[in-house]
Amino acid sequence: MGTVEPQVATASDAQQSQEIDGFHLVIEALKLNGINTIYGLPGIPITDLARLAQANGMRVISFRNEVNAGNAAAIAGYLTGKPGICLTVSAPGFLNGLVALANATTNCWPMILISGSSEREIVDLQQGDYEEMDQLAIAKPLCKAAFRVLHAEDIGVGIARAIRAACSGRPGGVYLDLPARLFPQTLPEEVGRSTLIKVVDPAPAQIPAPEAVKRALDLLKSAKKPLIILGKGASYARADEEIRKLIEKTGIPYLPMSMAKGLLPDVHEQSAAAARSFVLPNSDVVMLIGARLNWLLSHGKGKTWGASSPKEWGKQKFIQIDISPTEMDSNVRIDAPVVGDIKSCVTELLKGIDANWPKPPQEWLDAIKERKSKNIAKMAELLSQDPRPMNFHSALNVVRDIVKANPDAIFVNEGANALDFARAIVDMYKPRKRIDVGTWGVMGIGMGFSVAAAVETGERVIAVCGDSAFGFSAQEVETICRYNLPVCIVVFNNNGVYRGTDVNQGGGPDPAVTAFVKDARYEKLMEAFGGVGVYATTPAELRKGMEEALKSGKPTLINAIIDESAGTESGRITHPNPPPGGKK
Ligand code: OXT
Ligand code: ADP
Ligand code: MG
């Protein structure tokens with residue numbers, strides 16, 4: 001079928017009608033849907049689209065590498081519920097953005113990657129265009145949906161479909177392929193505008209079946225050792241009030257996964273976070289709310305759950321609230337699936353919970369309390385030490401205080417030890433304030449997440465990054481300075497990946513594969529771009545640097561010197577790199 005040439009008004013028309021081009025149709029379609037920020041990196045063929053977007057009142061944040069722009073767009077989606085937009089050039093720029101798009105899809109965050117691309121006829125004949133690549137085909141397996149638009153009159157539908165695909169059901173990443181020749185196409189202005197679509201109800205409520213709600217309530221009521229696990233889906237669902245009521249009305253202990261911390265304050269008496277390895281194997285009914293039984297929850301079986309052999313699998317009975325029907329039974333049997341959006345599901349559950357709801361047996365609560373107080377006492381002992389050089393505990397003891405004093409600040413966290421110790425030590429007090437490496441445990445999210453958190457929320461941002469993790473996106477320190485964002489980066493500098501003490505086992509002159517330049521002066525990177533650099537060797541210097549950064553709102557990088565021998569390999573991942581010979 002030949003291409004449909006856009007019907008362009010001719011000069012002979014009674015009145016010279018105004019025309020609108022593809023550039024403006026894309027911009028207007030985004031703005032029509034309340035999307036006013038683009039995270040990207042300019043270049044052929046999308047530089048003019050970025051310029052025009054900025055000229056037409058959109059905020060366009062330009063990065064130094066598209067993966068960071070993509071990470072920013074992904075977390076913007078999580079933080080706002082609207083799809084974050086990442087704009088890249090073709091081929092290599094698209095591929096850099098694809099890493100973040102795949103990560104957004106894995107984490108169920110709404111994001112749209114818009115990339116310019118080469119013309120179909122050249123790509124399909126593989127005739128060697130500039131940055132030639134069949135981007136749509138490459139994106140499809142790695143994201144939730146992927147679309148291409150060839151004609152200006154289809155831009156409205158293309159953007160609408162991308163928004164709806166990103167936000168509805170299980171949120172995720174969507175790829176939108178815009179070949180270069182689309183942008184200069186024109187339509188009569190009123191015709192062009194009439195093709196734009198304002199998406200109605202992009203994330204429709206999905207009401208659970210009454211029998212599913214009843215089945216779940218009956219099972220939960222029968223529990224002698226109930227546990228509720230809150231995942232990042234529960235944070236994303238913005239059902240904060242409903243979830244708090246569910247937990248407090250039932251009196252059931254809860255375990256927040258890392259990005260669900262703060263849905264209820266971590267100091268809440270029903271939090272079982274400090275008794276994790278006690279409650280998981282000893283619970284008898286577990287209600288998952290927006291949390292998958294994936295590797296982070298040991299797949300719902302094995303030693304973590306007191307169910308090492310297959311005959312013990314299903315030792316616990318599971319209730320799972322999730323918008324994805326096919327998530328059920330993914331790892332172990334789900335006895336009471338409740339399929340729907342979390343807000344609707346929890347609202348329906350609450351209708352069946354009144355003042356007579358049987359509280360969990362006191363012995364269960366007392367056993368948890370006892371384990372919690374043991375772990376908290378152990379932690380307090382570690383936090384009270386003040387070694388030189390600092391270790392993770394003494395540095396994080398400062399961070400813990402600063403976050404407590406600034407509960408509205410967004411806390412970005414990446415690394416291995418820098419991540420794992422922070423998860424247990426730094427309490428969160430409000431929902432959607434902790435953003436981290438997520439389901440994939442991906443390094444390099446730090447600066448992209450920090451930029452988007454500052455841009456989307458207007459709050460202060462505290463980013464605690466391992467020195468390796470920071471290195472993945474360090475160049476965006478310039479981006480943070482360029483937009484003068486209130487980001488306080490704390491680099492936990494222990495001279496390497498996991499630690500700085502490894503040696504080259506071959507005995508040669510090269511450093512160990514995990515080792516970095518010792519005592520690297522990361523703070524000078526921030527100073528190079530006009531920000532504030534702090535070199536901190538003590539908790540007092542770290543505290544002072546953080547307090548000043550939060551007070552001034554100036555881009556700040558604190559190079560926190562951490563004992564290079566502190567920390568363990570791969571953090572707390574239960575299956576670290578298998579050593580040679582396979583046995584530990
Ligand atoms: O109950 P028990 O007794 O078990 O105790 C638990 C809690 O009850 C208790 N707890 C408490 N006690 C007292 N008080 C309080 N408040 C409290 N709260 C909890 O503490 C313990 C632990 O609790 P936790 O953490 O909840 O429990 P647990 O068992 O750990 O939870 C299990 C998991 C799996 C949920 C948890 O461990 C988890 O979420 N893990 C995530 C791990 C992860 O994702 N790590 C990042 C990836 S590691 C690796 O992949 C790295 N790489 C490779 C790489 C990556 N990832 N990406 C890319 C693009 N390229 C390469 C690299 C390169 S990490 C990394 C960089 C590392 O170097 P850095 O320099 O950046 O970092 P450093 O390590 O600092 O040098
Ligand atoms: P965590 O890593 O914190 O345990 P996961 O990313 O594993 O969380 O799980 C998030 C789950 O939440 C996904 O299965 C996703 O389908 C689900 N989810 C996301 N948003 C909603 C929502 N609004 N309603 C119901 N389920 C949701
Ligand atoms: Mg390190």
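Ligands are counted one by one from 1 in listed order, and the atoms in each one are counted from 1 as well. Throughout, numbering of the chain's residues begins at 1 and tracks the sequence.
Around NZ of Lys518, the count of heavy atoms belonging to other residues, nucleotides or ligands within 6.0 Å exceeds 12. The local environment of NZ in Lys404 is sparse, with at most 12 non-hydrogen atoms from other residues, nucleotides or ligands closer than 6.0 Å. The number of heavy-atom neighbours closer than 6.0 Å to NZ of Lys225, taken from other residues, nucleotides and ligands shown, is 12 or below.
Neither the backbone nor the side chain of Leu297 has any atom closer than 4.0 Å to an atom of ligand 2 (non-hydrogen atoms only). When heavy-atom distances to ligand 1 are checked against a 4.0 Å cut-off, Met379 comes that close only through its side chain, counted from C-beta outward. Contact annotation for Asn417 and ligand 1: heavy atoms of both the backbone and the side chain come within less than 4.0 Å of the ligand. If you look at Ile229 next to ligand 2, there are no close heavy atoms at all, none under 4.0 Å. With a 4.0 Å cut-off on non-hydrogen atoms, Trp440 does not touch ligand 1 at all. By the criterion of a heavy-atom distance under 4.0 Å, the side chain of Arg170, and not its backbone, is placed next to ligand 2. Both the backbone and the side chain of Ile323 come within contact range of ligand 2, each with a heavy atom under 4.0 Å. Contacts between Ala291 and ligand 2 below 4.0 angstrom, taking non-hydrogen atoms only, involve backbone and side chain alike.
The shortest distance between side-chain heavy atoms of Ile321 and Leu349 falls below 4.5 Å.
Those atoms of ligand 1 that come under 4.0 Å of a heavy atom in Ala418, given as number and element, are 75 (O). In the vicinity of Ser277, heavy-atom distances shorter than 4.0 Å reach the ligand 1 atoms 1 (O), 2 (P), 3 (O), 4 (O). Interface atoms of ligand 1 facing Phe392, defined by a heavy-atom separation under 4.0 Å, are 75 (O). Of all the atoms in ligand 1, the ones that sit under 4.0 Å from a non-hydrogen atom of Val437 are 44 (O).
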Run Arg432 and Asp240 through salt bridge (Lys or Arg N to Asp or Glu O under 4.0 Å) and show every step you take. CA-CA 10 Å; Arg432 292 173 293 284; Asp240 308 343; 2.7 Å; yes

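At the top of the distance list for atom 24 (N) of ligand 2, counting protein heavy atoms only, stands Ile342 N, 2.9 Å. Looking only at heavy atoms of the protein, atom 5 (P) of ligand 2 is closest to Arg292 NE, 3.4 Å. Protein heavy atom in closest approach to atom 18 (N) of ligand 2: Gly233 CA, 4.0 Å. Summary of contacts: the protein heavy atom closest to atom 4 (O) of ligand 2 is Met257 CG, 3.4 Å. Nearest protein heavy-atom neighbour of atom 2 (O) of ligand 2: Lys232 NZ, 2.9 Å. The single protein non-hydrogen atom nearest to atom 23 (N) of ligand 2 is Ala237 CB, 3.7 Å, given as residue, atom name and distance. Annotation: atom 20 (N) of ligand 2 to nearest protein heavy atom, Tyr236 CD2, 3.7 Å. Protein heavy atom at the shortest distance from atom 13 (C) of ligand 2 is Asp322 OD2, 3.5 Å.
At least one heavy atom of Trp295 sits less than 4.0 Å from an atom of ligand 1. Assignment of Phe278 to the shell around ligand 1 is not supported, since no heavy atom sits closer than 4.0 Å. For the ligand labelled ligand 1, residue Tyr498 lies inside the 4.0 Å heavy-atom shell. Within the structure, ligand 1 has Ala275 among the residues with a heavy atom less than 4.0 angstrom away. In this structure, Ser298 does not count as a contact residue of ligand 1, since none of its heavy atoms falls inside 4.0 Å of the ligand. No heavy atom of Ser258 sits closer than 4.0 Å to any atom of ligand 2. Within the 4.0 Å heavy-atom shell around ligand 1 one does not find Ser258. Ala260 does not count as a contact of ligand 2, since none of its heavy atoms falls under 4.0 Å from the ligand.
Look at Gly496 and the Mg ion (ligand 3): an N/O/S atom of the residue is under 2.8 Å from the metal. Taking 2.8 Å as the threshold, Asn494 counts as a candidate ligand of the Mg ion (ligand 3), since one of its N, O or S atoms lies below it.
By the 6.0 Å and 45° rule, Arg238 stacks over the aromatic ring of Tyr236.
Residue-level check: among N/O/S atoms of Asp467, OD1 sits closest to the Mg ion (ligand 3).
Between Phe392 and Phe492, the ring planes lie tilted relative to each other; the angle falls in the 30° to 60° range.
Asn493 and Asn559 share a donor-acceptor pair across their side chains, judged by distance under 3.5 Å alone.
Heavy-atom proximity to atom 9 (O) of ligand 2, evaluated over Gly290, Ala205, Ser330, Pro325, is greatest for Gly290. Nearest to atom 50 (O) of ligand 1 by heavy-atom distance, out of Gly415, Gly444, Ser468, Gly441, is Gly441.
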